[in-house]
Protein chains: 2
Amino acid sequence: MTEPIRHSWTDIRDRIHARLLDRTYRPGDKLPRDEDIAQDLGCARSTVQRAMRDLADAGLVERKRKGGTTVRADPVTRATLDVPITRAEVEALGSVYGYHLLLRDLAVTPPAIAATLALRKPVEMLHVEALHLADQRPYILEDRWISLETSPEILGVDLAVESANEWLVRNKPYSRCDLRLYAIEANARTALQLDTPVGAALLVIERTTWINEAPITTVRSVTKPGYQMLTQI
Amino acid sequence: MTEPIRHSWTDIRDRIHARLLDRTYRPGDKLPRDEDIAQDLGCARSTVQRAMRDLADAGLVERKRKGGTTVRADPVTRATLDVPITRAEVEALGSVYGYHLLLRDLAVTPPAIAATLALRKPVEMLHVEALHLADQRPYILEDRWISLETSPEILGVDLAVESANEWLVRNKPYSRCDLRLYAIEANARTALQLDTPVGAALLVIERTTWINEAPITTVRSVTKPGYQMLTQI
DNA sequence: ATTACTATTATGTAGCTACATATAAAAGTC
DNA sequence: GACTTTTATATGTAGCTACATAATAGTAAT
């Protein structure tokens, strides 16, 4: 009697992945149907389904009902990016976290911000500028606008003590988040605040969060020179 | 008799997510066990399991056997980054793709590259420099090293016609990929090739791929000024 | 040939059961 | 009290069935 070995779906996934790597299945090829693979590998179809779902999520194969599974001809490099709370990021580096509030002002959104937030007309929001420090040295400079429609409570928060970054992440869950990454040259003001030469190339992480079509906040985080963003494996 | 409505796991996920958003469940809180939520929402535990798995993957909750499910106190912003083949990226923008091979040379890996690839000692690899164009204008400048151990066939490819980017993506699937993003100032050579002023801030996408601990290639892609990297929703 | 309809088929998913596994909590031991 | 062992329990997962859904392929009508 055959012993009923139970294969984990990750094993099955890895074995199918191995066939992609050794080109048993080549780009553009159609894979056997789940049921046949299941029989071949000695597991249930549901296990193959889970494995295939994962490979499809990773961008390696494409699946279509009735159409079957095909190996992607133009695979994309798909990576997961984690942006933690800045304090946690600094502490994970083994550095001492510090924080300075530079500006806290009620102001009407300038056109660029209004556009980012998809506002019909400019509105008054809380404008905050703050500097995050690692071991006393500038780490990230954030320029943030916070909607008073969705976060009126922010007015009661002492932003000199608790950063808007932390307060919002902890208190304002979002339903949607846009991230964009780009490079800028340090202007005189930024250079002074980040203690870097004017013209230095800096990585910027821009993040906008929404709750049900209503904007919560948009931040432009200018990182210190040499900052690198890494992806999870 | 109660009609047997079948709730999709995405619905269940969204309903639990809504409870995170409206703070029925607050950061640090322990959620009811899957079975109770299932009863509450009128579905099977397996459906809740799938929904919870997704919420955990998104970084919103943490699950532990016996420990139950808790709302993450410090949620991370987790986003998915897609890096397509450059040709596909340019064409998706509605631009005409162009490509120029600038350099193709066998050379011994300089220390920085050897370190990136975790080589014990420098080895000879194929060094390629190429420029990707969008509508005749410089788009991405790539500086690439290709291992002859894992990709000896690359020597037979006419890189003046087919870019190493495309050939490798299509022919050399990888088991691991490191991505790092940072900003640099254009030096004289880069500035000339990308047709940009010296000192311009440029976003760099560095990517290294491996197959079973053996490096395949490492690329430093210097993007044109103003290039932005966006995440999937 | 073109269109409209129908049948077929591969994946997608919900629900069930059974068992595995990690671990928090309780009980026992020194 | 500190440590170890046991027990209870919530999540994790494999396998099964049944049905839903999309899309292709085939058939019939025009």
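Order of the sequence lines sets the chain letters (A, B, ...), proteins ahead of strands, with each chain counted from 1. Being a predicted model, the structure only gives us computed values, none of them experimental.
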Check every strand shown and say whether [X] touches a base, only sugar-phosphate, or nothing at a heavy-atom separation below 4.0 Å.
X	result
A/Arg53	sugar-phosphate
A/Gly68	sugar-phosphate
B/Ser46	base

Taking atom types as they are modelled, would you say the side chain of B/Arg65 forms a donor-acceptor pair with the base of C/dT21 within the 3.5 Å cutoff?
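Yes.
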Measure distances between side-chain N and O atoms of A/Arg50 and base N and O atoms of D/dG15, and say whether any donor-acceptor pair falls under 3.5 Å.
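No such pair is found, so the answer is no.
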Residues [X], [Y]: salt bridge by 4.0 Å N-O rule:
X	Y	answer
A/Asp143	A/Arg220	no
A/Arg180	A/Asp178	no
A/Arg53	A/Asp57	yes
A/Asp34	A/Arg63	yes

Just how far, in rounded Å, is [atom2] of [N] from [atom1] of [X]?
X	N	atom1	atom2	value
A/Asp54	D/dT13	CG	C1'	14 Å
A/Gln49	D/dC16	CD	C1'	14 Å
B/Glu62	C/dA22	CD	P	18 Å
B/Trp9	D/dC19	CH2	P	23 Å
A/Leu41	D/dG15	CG	C1'	15 Å
B/Glu35	C/dG15	CD	P	14 Å
B/Leu31	D/dT9	CG	C1'	17 Å
B/Arg63	C/dT21	CZ	C1'	14 Å

Is any side-chain N or O of [X] closer than 4.0 Å to OP1 or OP2 of [N]?
X	N	result
A/Thr47	D/dT13	no
A/Lys64	D/dA22	no
B/Thr69	D/dA10	no

B/Tyr139 vs B/Tyr227 aromatic rings, parallel, tilted or perpendicular, using cut-offs 30° and 60°?
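B/Tyr139 and B/Tyr227: perpendicular rings.
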Closest approach to the side chain of [X], judged atom by atom: which nucleotide of [options] is it?
X	options	answer
A/Arg33	C/dG15, C/dT11, C/dT23	C/dT11
A/Lys66	D/dA23, C/dG12, C/dT23	D/dA23
A/Arg45	C/dT23, C/dG12, C/dC19	C/dG12
A/Asp34	C/dT11, C/dT23, D/dT11	C/dT11

